[in-house]
8 protein chains.
Amino acid sequence: MDEIKISKAILETNNKKLIGSLDVDVAIAGAGPAGMCCGYYLAKKGKRVAIFERKLSVGGGMWGGGIMFNEIVVQEKAKAILDEFGVRARLYEKGYYMADSIEAVSTICSKTVRTGVKIFNLMSAEDVMIRKNKICGLVLNWTAVEMAKLHVDPITMSAKFVVDATGHAAEIAHLAERKSGLRLKTKTGKLVGEGSMWAEVAEDMIVKNSKEVAPGLYVCGMCANAVFGGPRMGPIFGGMLLSGKKVAEDLLKRL
Amino acid sequence: MDEIKISKAILETNNKKLIGSLDVDVAIAGAGPAGMCCGYYLAKKGKRVAIFERKLSVGGGMWGGGIMFNEIVVQEKAKAILDEFGVRARLYEKGYYMADSIEAVSTICSKTVRTGVKIFNLMSAEDVMIRKNKICGLVLNWTAVEMAKLHVDPITMSAKFVVDATGHAAEIAHLAERKSGLRLKTKTGKLVGEGSMWAEVAEDMIVKNSKEVAPGLYVCGMCANAVFGGPRMGPIFGGMLLSGKKVAEDLLKRL
Amino acid sequence: MDEIKISKAILETNNKKLIGSLDVDVAIAGAGPAGMCCGYYLAKKGKRVAIFERKLSVGGGMWGGGIMFNEIVVQEKAKAILDEFGVRARLYEKGYYMADSIEAVSTICSKTVRTGVKIFNLMSAEDVMIRKNKICGLVLNWTAVEMAKLHVDPITMSAKFVVDATGHAAEIAHLAERKSGLRLKTKTGKLVGEGSMWAEVAEDMIVKNSKEVAPGLYVCGMCANAVFGGPRMGPIFGGMLLSGKKVAEDLLKRL
Amino acid sequence: MDEIKISKAILETNNKKLIGSLDVDVAIAGAGPAGMCCGYYLAKKGKRVAIFERKLSVGGGMWGGGIMFNEIVVQEKAKAILDEFGVRARLYEKGYYMADSIEAVSTICSKTVRTGVKIFNLMSAEDVMIRKNKICGLVLNWTAVEMAKLHVDPITMSAKFVVDATGHAAEIAHLAERKSGLRLKTKTGKLVGEGSMWAEVAEDMIVKNSKEVAPGLYVCGMCANAVFGGPRMGPIFGGMLLSGKKVAEDLLKRL
Amino acid sequence: MDEIKISKAILETNNKKLIGSLDVDVAIAGAGPAGMCCGYYLAKKGKRVAIFERKLSVGGGMWGGGIMFNEIVVQEKAKAILDEFGVRARLYEKGYYMADSIEAVSTICSKTVRTGVKIFNLMSAEDVMIRKNKICGLVLNWTAVEMAKLHVDPITMSAKFVVDATGHAAEIAHLAERKSGLRLKTKTGKLVGEGSMWAEVAEDMIVKNSKEVAPGLYVCGMCANAVFGGPRMGPIFGGMLLSGKKVAEDLLKRL
Amino acid sequence: MDEIKISKAILETNNKKLIGSLDVDVAIAGAGPAGMCCGYYLAKKGKRVAIFERKLSVGGGMWGGGIMFNEIVVQEKAKAILDEFGVRARLYEKGYYMADSIEAVSTICSKTVRTGVKIFNLMSAEDVMIRKNKICGLVLNWTAVEMAKLHVDPITMSAKFVVDATGHAAEIAHLAERKSGLRLKTKTGKLVGEGSMWAEVAEDMIVKNSKEVAPGLYVCGMCANAVFGGPRMGPIFGGMLLSGKKVAEDLLKRL
Amino acid sequence: MDEIKISKAILETNNKKLIGSLDVDVAIAGAGPAGMCCGYYLAKKGKRVAIFERKLSVGGGMWGGGIMFNEIVVQEKAKAILDEFGVRARLYEKGYYMADSIEAVSTICSKTVRTGVKIFNLMSAEDVMIRKNKICGLVLNWTAVEMAKLHVDPITMSAKFVVDATGHAAEIAHLAERKSGLRLKTKTGKLVGEGSMWAEVAEDMIVKNSKEVAPGLYVCGMCANAVFGGPRMGPIFGGMLLSGKKVAEDLLKRL
Amino acid sequence: MDEIKISKAILETNNKKLIGSLDVDVAIAGAGPAGMCCGYYLAKKGKRVAIFERKLSVGGGMWGGGIMFNEIVVQEKAKAILDEFGVRARLYEKGYYMADSIEAVSTICSKTVRTGVKIFNLMSAEDVMIRKNKICGLVLNWTAVEMAKLHVDPITMSAKFVVDATGHAAEIAHLAERKSGLRLKTKTGKLVGEGSMWAEVAEDMIVKNSKEVAPGLYVCGMCANAVFGGPRMGPIFGGMLLSGKKVAEDLLKRL
């Protein structure tokens with residue numbers, strides 16, 4: 001009977017994929033552009049990477065462009081990353097490239113998965129795992145469990161490093177601050193919070209802020225500015241991609 | 001000042017893209033796998049195609065695989081379409097291929113957009129345009145307007161043909177039945193509604209049912225079975241892709 | 001690392017249990033007293049039985065007794081079933097036994113599971129599987145998917161017989177009527193709906209109505225009266241248990 | 001085809017209007033009586049003014065008069081402003097004039113727009129733009145995006161001065177305090193919050209408090225008392241109008 | 001004490017206004033462009049008119065232009081009405097005029113009220129009054145009572161004629177059909193419902209459909225097409241204004 | 001220990017009261033003015049009466065007067081009932097008496113209870129009990145159970161006669177029509193539904209319609225017009241009181 | 001025409017009542033047992049009293065007895081107050097009297113209103129009026145305005161003294177603390193908050209705590225313990241009544 | 001008449017059970033695995049125990065296993081407790097036992113109730129009773145009252161000792177900290193809050209933390225770690241059971 005075979009195929013294949021990702025090199029929370037870009041550069045070098053995404057779909061705020069007009073802007077120095085992924089960028093004015101936001105997010109995702117990153121959607125971290133004062137894993141549950149307000153326990157997965165790429169929410173950094181008792185590597189020891197918009201400065205700082213914020217925990221994308229206190233950006237995505245790449249490069253030195 | 005240039009770039013570029021899509025060859029409602037596949041084969045032949053997607057992201061139910069286990073099954077005869085898009089399919093058992101659902105949806109979308117299809121997300125049709133008893137356009141609004149329950153008027157776009165690819169909801173066919181006074185080309189003249197699950201039969205019927213349901217209006221994907229009364233399917237997506245391709249081929253003969 | 005072993009143990013054990021239940025003798029929808037009682041008597045004779053329960057916990061309305069006063073009444077002829085399960089029944093007056101509702105539901109559940117019935121909670125049927133005009137399986141999804149209004153496909157399981165024990169809702173019978181095109185074996189060919197309360201008559205009719213309502217589909221518990229049109233009952237549970245046992249006995253003759 | 005021409009006309013005209021307002025002399029948040037009055041006196045002197053209003057309609061709480069009885073009271077010294085706008089005021093008792101609240105709000109709005117102020121409704125500020133410690137623009141998004149809880153990026157517009165006329169909420173002043181790190185020019189350096197009702201005092205203080213609260217940011221209307229700590233008022237609107245006029249006069253000296 | 005005088009002034013003035021409107025020549029439900037236009041032309045000829053508007057603000061869907069782009073289109077033959085109200089119309093292309101939607105709605109409202117129409121906002125009709133098979137009044141309540149789901153009785157007002165200008169909802173016509181037992185003067189004797197968008201035809205039909213639908217009850221604006229079955233329109237408002245004027249002219253002959 | 005004595009006192013006293021009301025002469029659903037008035041005249045003659053009220057407080061819509069202005073009007077012929085209860089009525093104009101709505105509802109309730117009627121608030125009927133085609137009891141549950149959407153069984157109480165005094169909702173008549181299979185004594189055999197407002201006629205008809213609608217089931221108050229099809233009333237309460245008294249008188253002849 | 005006369009009668013009568021209560025001796029917020037008892041003893045001595053009650057009905061938590069079992073307990077020393085109001089109290093055990101909670105609340109309300117207290121239901125205070133550091137009035141709005149989240153201004157009324165009888169919420173005391181800048185006469189200068197249940201002590205303290213908490217503002221009922229920090233009580237209502245009486249007696253000395 | 005006998009039987013039996021539990025040896029809040037285990041070992045030694053459970057069903061988060069896969073893990077040293085209850089445990093790997101989560105929770109509950117523990121579901125504590133600085137009882141209400149947001153007073157019950165077994169929420173400990181003014185026996189005197197997941201450590205600490213936290217108040221289960229600050233656990237339940245047993249043993253020494 002066909003349906004049963006289909007059911008079995010899915011249960012078996014997915015279970016194998018999930019068990020195979022219970023212990024990886026890098027666990028990334030959030031499949032936005034920064035998280036996927038980070039995962040891509042790690043997988044390209046053969047690292048085992050799992051991304052856990054809270055929503056049904058990946059891409060975060062990239063789909064909507066600016067105020068639902070689905071175009072994004074990318075600056076000169078991130079143009080090369082778009083090229084690497086195969087996203088078409090049109091010159092708007094010197095230093096400013098336009099890309100279709102739907103093309104951008106789908107193409108980045110497609111390349112990331114095909115390079116070997118495992119993305120688990122509809123899952124989110126409700127806690128971190130800590131051993132010897134080092135963050136070494138995520139405590140996961142179905143997002144639907146939280147949305148439906150059910151009382152169900154999570155499971156745990158381990159990783160050599162964890163990357164928080166959950167954007168403004170900085171979910172993992174918040175968990176680390178609130179539950180672990182660890183002092184964050186910020187000027188206050190706590191999350192600083194993100195500042196008012198200043199695209200030019202934000203794009204620079206986001207790359208500088210993309211680093212280790214607690215032993216074993218890196219931040220990238222808007223999460224980096226939310227944690228270390230840089231300004232926010234608008235619908236300009238170059239810094240996001242550069243930030244993801246930067247964390248990947250830092251991690252490759254330690255893996 | 002940079003931010004203003006970014007704002008202006010997005011407003012201008014998107015406005016040009018939207019005005020450029022007010023009059024196309026084919027307007028497709030719904031950017032699920034069937035709708036995108038249909039758009040892809042049309043654009044590949046140089047047709048002007050616009051897809052309007054209600055949600056922030058494309059892909060419909062494909063992201064979640066079966067019961068949130070993000071793997072899908074595709075049967076033998078649709079394998080070629082996955083190959084065409086560049087989605088990797090692993091043999092599970094003779095006749096059954098597995099694909100990562102996130103890879104599938106992002107790769108199909110990426111290729112579709114890069115082939116020239118314009119996708120407008122966060123927009124949905126609240127009515128159809130009818131002239132001389134033929135459906136020849138969509139009446140569009142922001143989905144956010146409906147979600148926020150605001151009282152705001154829509155705009156209209158025209159197309160030589162309209163394709164309903166909105167899945168179980170069959171949104172455009174419902175509008176046509178309820179508002180146009182047109183008799184649908186089904187056995188009852190009305191929407192028949194979809195039957196209980198029977199993957200094997202459904203996969204065949206969905207292709208047969210992918211056709212014109214009212215002058216100017218085609219249906220594809222699960223919408224086809226919802227309108228003509230075939231059984232529903234589970235997380236097996238071959239019929240979806242074949243259905244989208246079939247409608248594209250039919251339309252190419254008339255364009 | 002312990003947590004990972006715990007995660008793996010749960011993923012593996014549950015996956016095996018679920019795959020092992022994709023093809024059973026009897027699939028029961030609803031783990032209320034009637035459904036569990038039916039499952040118990042089937043499993044006692046070695047049949048493979050899976051119960052799918054929409055809620056996090058089993059037991060349905062039995063926990064709350066009458067108007068939240070957690071005591072239930074059982075009449076003389078169902079006393080023997082309580083004894084079989086090990087539920088203590090105190091004589092209130094000739095013909096009327098009282099039981100603590102929490103003791104009743106937990107004890108019936110405990111014995112049912114320990115007799116070999118597999119109960120899958122947080123899962124509900126969104127469709128039935130039909131072949132050759134016979135209902136032969138359920139199309140299942142996580143309840144949380146529906147509660148969170150996510151767009152995710154279901155999976156399918158097959159069974160020689162399906163039992164609808166979903167109480168007043170008569171979920172499976174409704175699906176069968178609405179989606180299968182099958183004529184139900186009621187006086188109208190459709191669901192009749194349940195009548196006003198009349199405990200004495202209801203308790204008799206519920207046993208008579210516990211039978212096959214469409215090829216392959218049996219009903220038991222309050223669902224039987226909802227489908228065939230008997231009166232409803234109050235916090236008196238003898239008929240429920242007798243109904244579940246009756247369907248089990250009927251099915252044992254055909255398995 | 002007519003509908004398409006209508007769609008195109010609206011897209012083009014509005015896009016030009018919005019792009020033309022990305023860089024203005026004064027950006028006002030909130031189209032209540034104070035904000036519109038301020039905009040009117042600025043536009044009368046030829047300044048370029050854009051008002052961004054969160055709601056579908058302008059006017060804030062003025063429509064409802066007192067406890068939904070749609071009449072308002074205006075004191076002697078604001079009578080001249082009503083006359084300027086063309087709102088009819090009836091003498092109730094020496095020093096107290098009555099006006100129909102619907103006449104008042106619609107007439108003020110009509111005159112304001114016809115004098116050259118651009119009002120953008122359904123848009124709200126989610127951040128401010130800061131350069132060299134001076135507030136010099138607003139970060140805008142559709143209100144519907146926020147209401148529908150969509151994850152979509154904003155755009156930015158610049159202005160020589162920004163006026164917060166968002167009433168009790170003091171939205172822009174809150175953003176400035178929370179995100180900019182700027183010390184407000186109040187006695188505490190922070191928002192003081194509004195005091196209990198005392199119409200007589202409030203009406204005086206609101207004019208005194210209508211001034212610059214941070215470099216580049218002015219407050220007017222109830223926002224002024226909320227920020228600097230004056231008492232609140234009831235359905236008496238003279239102070240509101242005088243406050244808007246006062247800020248306009250102050251700004252005219254600096255533009 | 002000032003506040004008490006303000007309270008008293010509002011209570012007295014509004015009470016007098018409301019009691020004065022309990023018996024008028026024409027009661028209009030809905031203060032959208034059609035209802036206000038109708039009221040304006042009646043009041044201009046000295047008729048006593050009261051408009052009851054469900055929302056806090058008047059104007060209905062006119063504020064939002066098309067898809068939140070606040071511009072509207074008006075055709076040639078309605079240009080004179082805009083001129084009469086003092087709304088500036090810019091020529092877009094032969095036969096097509098553009099107006100700022102906020103200017104349009106506020107200016108029409110301002111002129112309407114100043115011409116003598118009483119508008120009561122936050123009130124809606126929950127029933128009609130019928131005597132001798134003629135509709136001769138409205139049964140009113142605060143909208144807030146309905147929104148807060150409070151159980152509070154309405155009051156009644158009488159009018160020589162009632163006009164339904166509630167747009168798509170056709171609230172009064174629905175009440176008349178459902179509660180009065182009167183046969184509507186449509187082809188079916190019931191509400192026909194509005195058809196798909198066709199601006200050109202709709203603009204013509206809306207004027208023809210603006211007439212008496214039951215003894216004492218007229219319809220105008222989109223309500224006219226909803227009741228008699230014409231197509232819907234988009235963000236083009238000429239027909240609305242002409243419709244309101246037409247009903248006013250018809251009523252003037254009977255008053 | 002005092003608190004325990006208080007708890008015990010309440011549990012014992014209330015349990016005795018509730019058990020004592022499981023079998024009464026007349027059970028009334030709804031403690032609005034009509035239901036309480038009916039109960040009062042029955043209890044005055046020594047009948048055992050229990051009223052079950054869905055809400056926390058009694059009185060229904062009487063508290064709010066007309067549009068939240070808490071005054072009610074009573075006509076001449078019901079003046080005597082107000083006098084009987086001790087509610088002060090002021091002459092407004094010949095034939096029209098005014099009463100404070102709060103005084104009216106509290107005084108009627110106070111007298112009703114002190115005359116011996118038992119009122120159980122927060123309880124509502126979810127079904128009726130039928131024997132030999134006669135309605136002879138109510139199936140009750142806590143309203144909170146329904147509000148909290150809990151799955152808990154009801155209990156049953158019996159009465160020689162049942163009175164539906166649930167107002168517009170006509171809850172018991174609906175249950176009787178939907179669940180009992182009984183033909184109602186109306187012109188259609190079903191609930192007719194209430195007509196448009198016409199106070200004068202409504203006040204007369206409500207008394208005529210206050211009678212037996214099915215064997216054992218009487219209707220009074222607005223419920224009578226909802227069931228038999230009379231017009232609705234506004235904030236005029238004479239008919240309500242006369243209706244309740246009429247049903248009491250009819251029942252006294254049969255008890 | 002009758003309906004119009006009814007409407008006019010209600011509008012006129014209520015407006016007169018409300019205007020007549022804009023300036024009273026004592027304004028009480030909250031029509032629970034303590035507030036009504038306080039009002040009763042003041043009105044009995046000829047003082048002008050207005051009570052403003054947030055809900056549609058008066059009585060607060062008294063209707064529900066203990067855990068919805070509608071009986072209350074009253075101790076010996078408050079028995080005389082029940083007698084004064086005419087509420088029947090049955091001896092349960094020495095020192096403990098039982099009363100039907102519905103009889104209690106309706107009878108107290110009836111007597112209170114008939115003694116001359118004006119109760120305005122569906123109105124709540126959103127602010128206090130302060131002059132010369134003394135609370136001398138309430139700022140009122142319809143509760144429905146708040147429930148429907150409408151933006152509508154309040155009106156103001158003045159009183160020689162204000163009594164907060166809003167129970168656990170202590171609404172007026174909170175407003176006084178938060179908005180007036182006044183230091184409360186508690187040990188901390190702020191609201192202390194209520195302690196754990198201890199009926200015996202609570203009943204004593206509630207009377208002691210029933211006093212002036214800020215110039216012009218008295219507290220009574222549970223509000224007194226919430227403000228000064230006494231323990232809470234259960235379904236024992238003697239202290240409530242004694243508290244209301246005590247504040248009335250204190251105020252009578254100053255009026 | 002049968003239904004009435006059934007109603008009476010339930011009212012009488014439950015009332016006796018509840019009154020009989022108003023004064024017990026140990027009152028436990030929360031019928032999760034720890035609370036039930038604690039109750040079981042106390043009842044086994046003849047102590048009078050009442051458990052109050054907020055939800056309709058017992059068992060807390062145990063039903064859902066890990067991420068809705070209904071299997072749980074138990075370590076070696078808790079295996080004996082499973083054996084005592086009769087729950088089947090399968091060896092997964094040395095030191096790790098698997099149990100079906102539904103079998104576990106129903107079997108533990110069944111045995112607990114049959115050993116003499118009274119469980120009252122749908123009731124929750126909204127306060128504690130304190131005498132002489134010792135917690136000596138719970139203030140209870142129906143959960144439905146809170147869910148339906150009704151204003152209804154609670155009742156009180158007394159116990160020699162109270163156990164908080166409400167899991168992460170630590171409901172009773174929170175009430176004790178917030179309302180009693182008692183200093184908790186933790187390092188900070190307040191609730192510490194639970195740390196990040198570390199199953200191994202958590203399982204040890206939970207037993208150590210299961211002790212008296214304030215005079216008369218014990219904590220067990222996850223509540224113990226939430227109060228004293230240990231790490232959280234995942235779907236491993238040995239510590240829970242050992243914790244419940246430990247508190248029972250400690251209490252037996254003092255009873």
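Proteins get letters first, then strands, A, B, ... in listed order; numbering begins at 1 in each.
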Original post:
Would a distance-only check, ignoring hydrogens and angles, find a side-chain to backbone donor-acceptor pair under 3.5 Å from F/N121 to G/W63?
Top reply: yes
**OP:** Give, as side chain, backbone, both or neither, the part of F/I236 having an atom under 4.5 angstrom from any heavy atom of chain G.
**Re:** side chain
Subject >> Part of F/Y92 lying under 4.5 Å from any heavy atom of chain G >> reply: side chain
**OP:** Give, for atom OG1 of G/T13 and atom OH of F/Y96, the distance between the pair rounded to the nearest 0.5 Å.
**Re:** 13.0 Å
**OP:** Output yes when a side-chain donor or acceptor of F/N70 lies under 3.5 Å from a complementary backbone atom of G/I119, and no otherwise.
**Re:** yes
Original post:
Which pair of heavy atoms, one from F/A9 and one from G/V73, lies closest together, and at what distance?
Top reply: CB-CG2, 4.4 Å
Original post:
Do G/K118 and F/D100 meet the salt-bridge criterion of a basic N to acidic O distance under 4.0 Å?
Top reply: no
Original post:
Considering only heavy atoms, which portion of G/K17 lies under 4.5 Å from any heavy atom of chain F: side chain, backbone, both, or neither?
Top reply: side chain
**OP:** Go through the atoms of F/E53 and report whether side chain, backbone, both or neither lie under 4.5 Å from a heavy atom of chain G.
**Re:** neither
**OP:** Please flag which part of F/L56 lies under 4.5 Å from any non-hydrogen atom of chain G: side chain, backbone, both or neither.
**Re:** both
**OP:** Using the test side-chain hydrogen bond (donor to acceptor under 3.5 Å, both in side chains), find all partners of G/K55 that sit at least two apart in sequence or belong to another chain.
**Re:** none
Subject >> Minimum heavy-atom distance F/E200-G/E3, with the two atoms named >> reply: N-OE2, 4.4 Å
